[in-house]
Amino acid sequence: MIVWLNGTHGAGKTTTSALVQQLIPDSRVFDAEKVGETLMDITPGLPWTGNFQDWPPWRPLVVETARHVLDYAGGTLVMPMTVLVEQYWREISAGLARHRIPVRHFVLHADQETLRGRIEGDFDLGPSTFRLQYLEPYAEAARTWLHDEAEVIDTTTLTPTQAAQRIASSTTT
């Protein structure tokens, strides 16, 4: 199974995924961003689009990497990855479905003010204009399709531990 943690920057995906992994037996964290980083390391570089998710190889490589890891190790993959383009989510989820891999899709949500405050107050990464530029695309995706496609966990007032406990208990019932 895959437990996919979606949501924009500042929602708590990375922190929560590590906590979820501790709560779900035989689980591992697989950050699909690493697939994008691998594609970014190709030299000479692929034609730049502004986001590695726009590269057509990224989506099937995420599917195939997850499939091969699950075939090899079994268990559950906890995948913290923002996907805000509906077509991309459809490609990934359809690819996983073709391999009969069940997906529990969660969106870690917080209101815009909370997200902005978390991003601007991030002591590890520092304030980031890159991360801030995804607030509006996230809000648009949430309004138009994303919240309909997932179980929404509002992290505005939850600690990462509380969010992880909700996700883990939801996946075992």
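We number each residue from 1, following the sequence as shown.
Atom-to-atom distance recorded for I24:CD1 and T171:OG1 is 3.5 Å, nearest 0.5 angstrom. We find the CH2-OG distance between W4 and S93 to be 9.0 Å, quoted to the nearest 0.5 Å. Rounding to the nearest 0.5 angstrom, the gap separating the CZ atom in R28 from the CG atom in L77 is 8.0 Å. Annotation: the span from Y134 atom OH to T8 atom OG1 amounts to 8.5 Å, rounded to 0.5 Å. Rounding to the nearest 0.5 Å gives a distance of 11.5 Å between CD of Q53 and CD of Q87. Of the inter-residue distances, the one linking Q162 atom CD with T157 atom OG1 reads 7.5 Å to the nearest 0.5 angstrom.
Y138 and H109 have their aromatic ring centers within a separation under 6.0 angstrom.
Annotation: side chain of L70 is in contact with side chain of I2 (closest heavy-atom distance under 4.5 Å). By the 4.5 Å heavy-atom criterion applied to side chains, M1 and R104 are counted as neighbours. Side-chain contact between N6 and L108 is absent, with no heavy-atom pair separated by less than 4.5 Å. A heavy-atom distance below 4.5 Å is not found between the side chains of V69 and F30. Inter-residue side-chain proximity for I153 and I167 is flagged as met; some heavy-atom pair is nearer than 4.5 Å. A 4.5 Å side-chain heavy-atom check between R118 and T114 finds at least one atom pair inside the cut-off. Side-chain contact between L132 and R116 is present, with at least one heavy-atom pair separated by less than 4.5 Å. Residues H99 and E64 are in side-chain contact: their nearest non-hydrogen atoms beyond the backbone lie under 4.5 Å apart.
A donor-acceptor pair is defined here as one N or O able to donate and one able to accept, closer than 3.5 Å; no such pair exists between the side chain of T65 and the backbone of V62. A distance-only check finds no donor-acceptor pair linking the side chain of S17 to the backbone of M79 [under 3.5 Å]. Formation of a donor-acceptor pair under 3.5 Å by the T49 side chain with backbone atoms of N51 is found in this model.
A salt bridge does not link E120 to R131: none of the charged side-chain nitrogens sits closer than 4.0 Å to a carboxylate oxygen.
Taking every heavy atom of both residues into account, K13 and L5 meet most closely at CD-O, 3.3 Å. In terms of heavy-atom proximity, P57 sits nearest to P60 at O-CD, 3.4 Å. For the residue pair T15 and P160, the shortest heavy atom distance occurs at CG2-CB, 3.6 Å. Counting all heavy atoms, side chain and backbone alike, A142 lies closest to H147 at CB-NE2, 3.4 Å. In this structure, T155 and A110 approach most closely via the heavy-atom pair OG1-CB, 3.8 Å. Residue M81 comes nearest to D31 through the heavy atom pair SD-OD1, 4.1 Å, listed as atom of the first residue, atom of the second, then distance.
Remark: R100 CZ is loosely packed, at most 12 non-hydrogen atoms of other residues, nucleotides or ligands lying under 6.0 Å away. With a 6.0 Å radius and a threshold of 12 heavy atoms from other residues, nucleotides or ligands, F130 has its CZ atom above the threshold. More than 12 heavy-atom neighbours from other residues, nucleotides or ligands sit within 6.0 angstrom of CZ on R67.
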Stepwise side-chain contact (heavy atoms from CB on, under 4.5 Å) test for V63 and R59: CA-CA 6 Å; V63 169; R59 297 168 307 273; 6.0 Å; no
Passes salt bridge (charged side-chain N to carboxylate O under 4.0 Å, His left out), R143 versus E140? Steps please. CA-CA 5 Å; R143 277 191 300 272; E140 178 65 18; 2.8 Å; yes
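Transitive grouping of hydrophobic side chains (ILVMFWY, heavy atoms separated by less than 4.5 Å) brings I92 and L146 into a common cluster. Note: the hydrophobic cluster containing L19 does not contain L158 (ILVMFWY, side chain heavy atoms under 4.5 Å, direct or indirect links). Cluster membership for V29 and L23, using ILVMFWY side-chain heavy atoms within less than 4.5 angstrom, is not shared. V35 is not connected to Y72 by any chain of hydrophobic side-chain contacts under 4.5 Å among Ile, Leu, Val, Met, Phe, Trp and Tyr, and they are in different clusters. Transitive grouping of hydrophobic side chains (ILVMFWY, heavy atoms separated by less than 4.5 Å) brings I101 and V83 into a common cluster.
Between W58 and F52, the ring planes are tilted. Angles from 30° to 60° get that label. Using cut-offs of 30° and 60° for the angle between ring planes, the H105 and W89 rings count as parallel.
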